[in-house]
Amino acid sequence: MTFEEMRLTCSDFAEQAARRLKEKMPVALEKTKGLDFIPYTVKDNAWAPGPFDGICWWTNGFWPAEMWAMYRMTGEQAYRLEAERAENMLDAAFADFDHLHHDVGFMWLISSGVSFRMTGNSKSRKRTLLAANLLAGRFNPAGFIRAWNGDCVGWAIIDCMMNLNLLYWASDSTGDPRFRKIAMAHADTAAKYFIRENGSSNHIVVFDPETLAVKEIPAGQGYASGSSWSRGQAWALYGFTLSFLHTGKQEYLDTAQKTAAYFISQIQEDWIPKCDFCQPENDPLKDACAGAVAACGLLELAKLTESRTYFDAGVNILKALDAQCADWSREYPAVLTNCTGSYHGNDHNIAMTYADFFFMEAILKLRGDHFLFW
Ligand code: GLY
């Protein structure tokens, strides 16, 4: 079966989810009135900002990305205007600089980058190129992109596989191969040092910044060193799929498929990923966000391979998110509720704008909108 044929078998679900989003998101938008921050999570039925880093908080591109997703779904100007308002707010992050990190891909590719691609706004293109140059500037020629500032000189994290798309875009947009070469050097390192033989992924690897020797493998947001944080697994799955899409390098597709096989083998009957696939058996902690990210990756893999296994897994996750984790009420501004920031943190069972964005992105894919935000 082609992807299109598979997709048509799910059109009822996709249309129902889109209808619910169209009813829900005006509420989410209304609740941004008067805010001086970009939404991240929900407290007392109201939007709340990220916990630190101010305007540089790494998820701040996801709210405008949600707005662009809704604009694609409805054509309504209110969403475009809110996306542009948030994009303008993000300029303060360039001026801050000290709190910026490798997540400039999450911040600008899907805000100003999408804005440029959808509207041709030249200011948006400049913002996105500036972000790409910041990311390229974090490259250590030992072979990796440095994640964070301060003492984290040799730290790289699997999430960065998603930020690489900003560099692929920059090379395509400028004709300068430097950005793509940096992205591929990092992806090669990630395939070698993050992905284990069984297809599971480390969250963080600390390298010697001179030699690339592995010094430490911390637990990061997962349960323990050597465990398998499900969102990190989803970043790997979707990230390697996208690296293949942007480069055609077969090793990236092979790696994406290996991580997908592991993800599918670990997900339980309810199709909502545990926070960490290696957490204690009786620990019920889940992460809906990992499911939404993985669903996007699985649908792209299904397009590439025409595999029913990937397609069914992606759709089963989306149906489970809709049935078990979504709050479709008019009081609560976000959609998905059972997201977890990190296993050992306090941020359990919360809403997160990036979970909602990936849910929307997956629904757009299921409705046959093939615009690639990444
Ligand atoms: N480290 C980014 C995330 O929470 O997925």
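Every value quoted in this text rests on a predicted model; they were computed, and no experiment measured them. Keep in mind that the numbers below use all heavy atoms, side chains included, and drop hydrogens, waters and symmetry copies. Indexing begins at 1, ligand by ligand and atom by atom, following the structure's order.
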Nearest-0.5 Å distance that lies between atom CG in D322 and atom CZ in F13: 4.5 Å
Residues K303, E300: salt bridge by 4.0 Å N-O rule: yes
N or O pair under 3.5 Å between Y354 and ligand 1: yes
Sidechain N-carboxylate O distance under 4.0 Å for R231, D287: yes
E87 and its salt bridge (charged side-chain N to carboxylate O under 4.0 Å, His left out) partner, picked from K126, K123, R80, R127: R127
Identity and separation of the nearest protein heavy atom to atom 4 (O) of ligand 1: R231 NH2, 2.5 Å
Nearest non-hydrogen protein atom, atom 2 (C) of ligand 1: D159 OD2, 2.9 Å
Heavy atom of F106, distance to ligand 1 below 4.0 Å: no
Sole residue of T255, T259, L242 in side chain to side chain contact (heavy atoms under 4.5 Å, CB included) with L237: T259
N or O pair under 3.5 Å between Q221 and ligand 1: yes
Test of proximity, W58 against ligand 1: N or O pairs below 3.5 Å: no
